[in-house]
Amino acid sequence: MLDATTTAPQIKGLYIDGRWVPGAGQFDDLNPNDGSVWARVPNAGISETKQAIEAAHRAFPDWANRPFQERAHLILKIADVWEARAADYVAAAQYEGGGWYGKGMFEAGHVAETFRAAAGLCYSSIGEVLPSEHRKVSTAIRVSMGVVGVISPWNVPGILTSRGFAFAMAFGNTIVLKPSEETPYAGGLFFAEILEEAGIPPGVFNVITASRERTPEVGDELIDNPLVKGISFTGSTPVGRRIAAKCGAHLKKCCIELGGKDSLIVLEDADMDRATSSASFGAFMHQGQICMSVEKVLVQEQLYPEFLRQFVARVSKLKTGDTADKSNVIGPLINDRQVARVQAQLDDAIAKGAKVALGGGISGRFVEPTILTHVTPDMDIWRDETFGPVAVVTPFKTDAEAIAMSNDTEYGLSSGIITANEERALAMAQHLETGMCHVNCSCINDEPHAPFGGTKASGVGRHGGRWAMETFSETRWITLDRGGRPYPPVF
Ligand code: NAD
């Protein structure tokens with residue numbers, strides 16, 4: 001619950017087995033706007049992680065075997081409680097996450113929809129009837145797995161945490177959530193308050209928060225513990241690779257959603273207003289700290305000069321500053337490490353000949369919305385994820401060249417194409433190596449029931465709707481033989 005005068009939360013503890021319990025000490029949860037301590041949060045260790053996993057394991061049989069409508073009704077209740085507390089979420093996203101007020105509002109609405117989509121999934125088909133060589137009743141049935149460990153990031157803590165567990169839980173799995181140490185409340189303990197109020201049975205949903213230093217041991221326990229049957233991870237590619245490798249060693253199912261280096265391709269017949277607004281929203285929403293952020297804007301050369309002029313004019317109107325002020329659309333980066341990464345990419349690009357068309361200034365954790373031109377493939381910013389408010393604008397001649405430029409990165413999350421010619425866009429979309437592609441829209445798109453995920457170094461597995469059910473269930477082949485199958489007579 002947030003204190004109305006200070007906007008700081010009253011932290012109740014870790015949430016394990018339906019109870020609030022202390023951690024082994026506490027850690028500081030900072031407001032990135034000014035570096036002040038926004039909250040003190042319990043620091044879980046291996047012991048608390050084990051307790052949470054065991055509670056989830058105990059809760060699993062009852063939860064999985066409840067009538068599906070009962071699970072659906074409880075999950076719909078979560079959506080209602082969430083909506084009643086939406087203002088608290090928005091404040092947490094502003095003060096703990098450093099996000100613009102409008103971004104928090106958008107997330108709050110999306111999260112409620114995520115729970116409703118997850119509740120709806122309870123009513124969908126859970127299998128298929130197959131033809132059988134021997135006239136068996138041959139069925140492929142999806143069953144829940146058990147305990148699912150969810151590790152979520154800080155940048156969009158409401159949406160990315162809720163989508164990480166809502167579908168898995170709706171399908172009968174039980175959850176241990178470890179949110180990011182940067183947003184332990186908005187992405188973790190706030191959800192525990194909501195699910196407790198909604199009446200989710202003890203043990204079905206557990207939250208452990210851990211400092212940056214404790215995270216590796218807590219994360220290892222969450223993956224290595226044999227009671228955990230699946231992992232949902234959203235975060236950076238280096239950490240995701242490590243987690244996928246560990247899951248592989250245990251032969252555990254995992255859904256791994258990672259970073260991106262997305263391109264928005266603007267063709268010469270594009271509507272200019274749509275093109276510049278798609279680029280501006282895509283590149284600068286949440287200071288570019290979205291996995292699907294538009295990091296490269298590839299513009300057909302005939303349109304390039306006019307696009308650049310109008311894009312710079314549009315972006316120069318975005319206000320930067322403390323997100324306590326609702327009119328500041330560009331807030332701080334989440335931490336100093338992130339600022340250093342953006343600074344290093346800008347320095348490298350400028351030293352190698354890139355030109356700053358707008359911005360470029362950095363003050364503390366605030367990075368001005370920045371537009372770079374004359375970027376070449378030998379610069380780090382061409383291929384590596386920036387995760388800051390920087391857009392690279394580059395001209396191209398042919399569609400094939402735009403596709404090659406877009407694909408010239410290890411990542412493959414999302415892409416966008418702005419054009420009046422849908423047929424041409426669909427032909428291009430087939431060659432873009434991304435898990436998602438949006439025509440006449442920005443790369444940033446997410447709907448709770450749609451298949452969300454990347455290719456290449458952007459991850460494996462899909463979240464959203466029935467694809468999440470496939471991710472967080474096992475398929476079993478179960479048959480009824482009615483005397484039809486002959487055996488070799490020798491037996
Ligand atoms: P991160 O990888 O640093 O952290 C993500 C989560 O992993 C956090 O909860 C963190 O505490 C945890 N973690 C870190 N080390 C761990 C370890 N050794 N074992 C277990 N858990 C560990 O990423 P971040 O900085 O929180 O998020 C930003 C990154 O996430 C960006 O690269 C962004 O593109 C990516 N991202 C991807 C998606 C997507 O859906 N594809 C969505 C949002 C963010």
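Whatever order the structure lists them in is the order used to number ligands and atoms, beginning at 1.
From the protein, the heavy atom lying nearest to atom 12 (C) of ligand 1 is Ile151 CG2, 3.6 Å. The nearest heavy-atom contact from the protein to atom 28 (C) of ligand 1 is Phe387 CE2, 3.6 Å. Looking at atom 10 (C) of ligand 1, its nearest protein heavy atom turns out to be Glu181 OE1, 3.6 Å. When only non-hydrogen protein atoms are considered, atom 43 (C) of ligand 1 lies nearest to Leu160 CD1, 3.1 Å. For atom 25 (O) of ligand 1, the closest non-hydrogen atom on the protein side is Trp154 NE1, 2.7 Å. Distance from atom 35 (C) of ligand 1 to its nearest protein heavy atom, with residue and atom name: Gly235 O, 3.0 Å. Atom 2 (O) of ligand 1 has its closest protein heavy atom at Ser236 OG, 2.6 Å.
Ligand-side atoms of ligand 1 in range of Glu257: 37 (C), 39 (C), 40 (O), 41 (N), range being under 4.0 angstrom from any heavy atom. In summary, the atoms of ligand 1 found under 4.0 Å from a heavy atom of Cys291, numbered by their order in the structure, are 34 (O), 36 (N), 37 (C), 38 (C), 39 (C), 40 (O), 41 (N), 42 (C), 43 (C), 44 (C). Residue Phe452 has at least one heavy-atom neighbour below 4.0 Å for each of these atoms of ligand 1: 40 (O). For ligand 1, the atoms sitting less than 4.0 Å from at least one non-hydrogen atom of Ser152 are 6 (C), 8 (C), 9 (O), numbered in the order shown with element in parentheses. If you number the atoms of ligand 1 from 1 as listed, the ones under 4.0 Å from a heavy atom of Leu413 come out as 41 (N). Using a 4.0 Å cut-off to heavy atoms of Asn155, the atoms of ligand 1 that qualify are 43 (C), 44 (C).
Of the candidates Lys246, Arg242, Glu385, Arg242 brings a heavy atom nearest to atom 17 (C) of ligand 1.
Inter-residue side-chain proximity for Ser414 and Ile444 is flagged as unmet; no heavy-atom pair is nearer than 4.5 Å. Proximity of Glu217 to Glu221: side-chain heavy atoms (C-beta onward) are nowhere separated by under 4.5 Å.
Cation-pi contact between Lys326 and Tyr101: present, with separation from the ring centre below 6.0 Å and deviation from the ring axis of at most 45°.
Looking at Ser442 and Ser278, their side chains never bring a donor and an acceptor atom within 3.5 Å of each other.
Using a cutoff of 4.0 Å between basic side-chain nitrogens and carboxylate oxygens, Glu385 and Arg341 are scored as salt-bridged.
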